[in-house]
Amino acid sequence: RMMSLTLTPPRLPNTWRVPFVAVLLLALAILLLYRDTGAAMVHIWMRSETFTHAFIVPPIVAWLIWRKRGELAPLQPNPSLWALLPMVAAAVLWWLGDLVSVAAATQTALVVMLAASVPLVLGWRVARTLAFPLAFLFFAVPIGEFMTPMLMHWTAEVLVASLRITGIPVYQEGQHLVIPSGRWAVVEACSGVRYLMATFMVGSLFAYLNYQGTRKRLIFVAVSLVLPVLANWVRAYIIVMLGHLSNNEIATGVDHLVYGWIFFGVVIMALFFIGARWSDPDDPGIAQATAVAHAALRAERPVAVWQPVGLAALALLVLGLPTLGRTQLDTEGSRTAIRLQLPGTLGQWRAQQQLTQGWEPEFRNATATPATEYVGPGGEVSVHVAYFRHQHTGAKLVTSTNRFTDGLRWFIASEGLAATEPHGQPLIWRRATLTTGDGAASSARPRLTVWRVYWLGGPLVHGDVKAKLVQAWHAIQGEPDDAAAIHLATALPDDAAARQLLTTFVHENRSEERRVGKEC
């Protein structure tokens, strides 16, 4: 008769009770203190398909920790005051991120606080044992959408090159392609960022569970980062070719997405199937090491009860300071109506009501959005201002959702920078050339040249990062957060003529930007 012996992981000893309760209560208190940040994370998980996978991160982390209970049992919790340093750093990061409404900073800081609570209350040996579960918690931070424009550009360029190699002529305008059988566009859903984020998370988990060596784990994670990008390029090519060869009868509607997900699923399953062939068996020495550690545990002196409780209380005191000092909007002031009106004349330029081609930039929840078209020597210039006051998450000047166009009628054909020197003072603008997909010949399609600069209560900045840094400095100094995005647009079809017209307009009216803040 055969007999089987099952090794059951030991239960946590009594010395774990107080530290375990202390770290659990500390984590709950952190979530309560920073509940707005946590709620913002969950909201992004709900609205963005790119981060829907984050919903399963907390239960996976809990399961990974549960798997480690056999290795945790022999360890003696040994609280570390040094772990308070990353908590302080995270609190400062959260405070700075909250000042300028940078969600990635506040949400990353929240996860750092939760992870740092483990070495603070339970010690560094426990934290090293739980290193991967704690690191896996960062997959809950919804960050990565900034890669979407870059991935879209790469996909469009690879798709164009692949079609031309195949012998299909292609005309390209930014992310829009025209081939003999029809018109295609590489939109955000085609960027592959969803595949990339999901595969990176699942690939990291697979590598941790199936490999024992760090080298093999890193190689598999690297492959899980590269493969979805390559697979997305192949997917895009297959979709276009299916539409082209079928005279646009398949792969052009809902089945476009269905075929894409099926192909992606096959690629990922192949990745895991191949990766499983090199998986490592479980380390047989774990049970022996656990028994040895149990014997050593009996010789260790238990930690005093007050240490984990005291450090948890100290951490709460430190982490509570940023929330107590958080700048709150004045209710009465936030309801005050803001009247912002552009002048009727600017030197030789006269305002008219009709706007250039019905275009407007996509800046959501701005406090005021005045727009006027000016007629002057050489042509017409449309001026759009997106003005923000009392900025907060969902209503802020610099964010990835604020763009030159909403992408519905107008799309970006090219982007770059434009330089002017009004009154001898260099001024850099963010430039974009917009066109439409109305189906007309390329030369007959409406075309816009748009320049944008950020007004930050005085300084003029074209870059998002620098704008955020200036806003942070103003917030630290206690200055108002009033800011605006100033757009200039002209419909002249010739790029050189459009650049000359906008340059002339800026040189003649450079001083008018200073009136934006004064007239509010």
Can you measure from [atom1] ([X]) to [atom2] ([Y]) and round to the nearest 0.5 angstrom?
X: Phe200; Y: Leu205; atom1: CZ; atom2: CG; value: 12.0 Å
X: Leu137; Y: Ile60; atom1: CG; atom2: CD1; value: 11.5 Å
X: Thr490; Y: Leu448; atom1: OG1; atom2: CG; value: 8.0 Å
X: Leu110; Y: Leu319; atom1: CG; atom2: CG; value: 10.0 Å
X: Leu196; Y: Ser224; atom1: CG; atom2: OG; value: 8.5 Å
X: Tyr237; Y: Leu242; atom1: OH; atom2: CG; value: 10.0 Å

Do [X] and [Y] come within less than 4.5 Å of each other through their side chains, counting heavy atoms only?
X: Met41; Y: Phe51; answer: no
X: Leu32; Y: Arg35; answer: yes
X: Leu488; Y: Val383; answer: yes
X: Val450; Y: His384; answer: no
X: Ser382; Y: Tyr374; answer: no
X: Val112; Y: Leu93; answer: no
X: Val102; Y: Thr106; answer: no
X: Ile274; Y: Phe220; answer: no

| Check: Lys396 main-chain N/O paired with Asn365 side-chain donor or acceptor under 3.5 Å | no
| said: I'd like to know if the side chain of Ser48 and the backbone of Ile44 have a donor-acceptor N/O pair within less than 3.5 Å. | reply: no
Least distance between heavy atoms, [X] atom then [Y] atom:
X: Thr449; Y: Ala498; value: OG1-CB, 3.5 Å
X: Ala116; Y: Pro86; value: CB-CG, 4.2 Å
X: Ala115; Y: Leu134; value: O-CD1, 4.0 Å
X: Tyr208; Y: Arg217; value: O-NH2, 3.1 Å
X: His474; Y: Pro459; value: CE1-CD, 4.2 Å
X: Met197; Y: Ile143; value: CE-O, 3.1 Å

| message | Between Thr369 and Glu360, is the side chain to side chain contact (heavy atoms under 4.5 Å, CB included) condition met? List the steps. | response | CA-CA 10 Å; Thr369 55; Glu360 61 180 3; over 6 Å; no
| Option from Thr367, Asp481, Asp482 for which side chain to side chain donor-acceptor pair (under 3.5 Å) with Arg389 holds | Asp482
| message | Which residues pass the side-chain contact (heavy atoms from CB on, under 4.5 Å) test with Ile179, not counting sequence neighbours? | response | Leu163, Ile168, Val170, Ser181, Trp184, Val240, His244
| request: May I ask you to check whether Thr405 and Trp359 show a side-chain donor-acceptor distance below 3.5 Å? | output: no
| task | Report the residues that fulfil ring pair (Phe, Tyr, Trp, His ring centres under 6.0 Å) with Phe388, sequence neighbours left out, ordered by chain and then residue number. | result | none
| message | Taking CD in Gln348 as the centre, count heavy atoms belonging to other residues, nucleotides or ligands within less than 6.0 Å. Is the count above 12? | response | no
| request: From the options Val453, Leu502, Leu427, select the one residue that forms a side chain to side chain contact (heavy atoms under 4.5 Å, CB included) with Thr420. | output: Leu427
| For the rings on His487 and Phe363, is their centre-to-centre separation under 6.0 Å? | yes
For residues 149-159, run the donor-acceptor check on the side chains, cut-off 3.5 Å, and write out each pair with its distance to 0.1 Å, sequence neighbours left out.
residue	atom	partner	partner atom	Å
Thr155	OG1	Leu151	O	2.8
Thr155	OG1	Asn232	ND2	3.3
Glu157	OE2	Gln172	NE2	3.1

| What's the verdict on side chain to side chain contact (heavy atoms under 4.5 Å, CB included) for Arg194 and Thr52, showing C-alpha distance, side-chain angles and the deciding distance? | CA-CA 9 Å; Arg194 299 175 186 174; Thr52 304; over 6 Å; no
| query | Taking it one step at a time, do Ser414 and Arg431 satisfy side chain to side chain contact (heavy atoms under 4.5 Å, CB included)? | reply | CA-CA 8 Å; Ser414 65; Arg431 175 193 60 80; 3.6 Å; yes
| request: For side chain to side chain contact (heavy atoms under 4.5 Å, CB included), just list the numbers for Tyr454 and Val470, CA-CA rounded to whole Å, side-chain angles, deciding distance to a tenth of an Å, and then say yes or no. | output: CA-CA 11 Å; Tyr454 295 130; Val470 172; over 6 Å; no
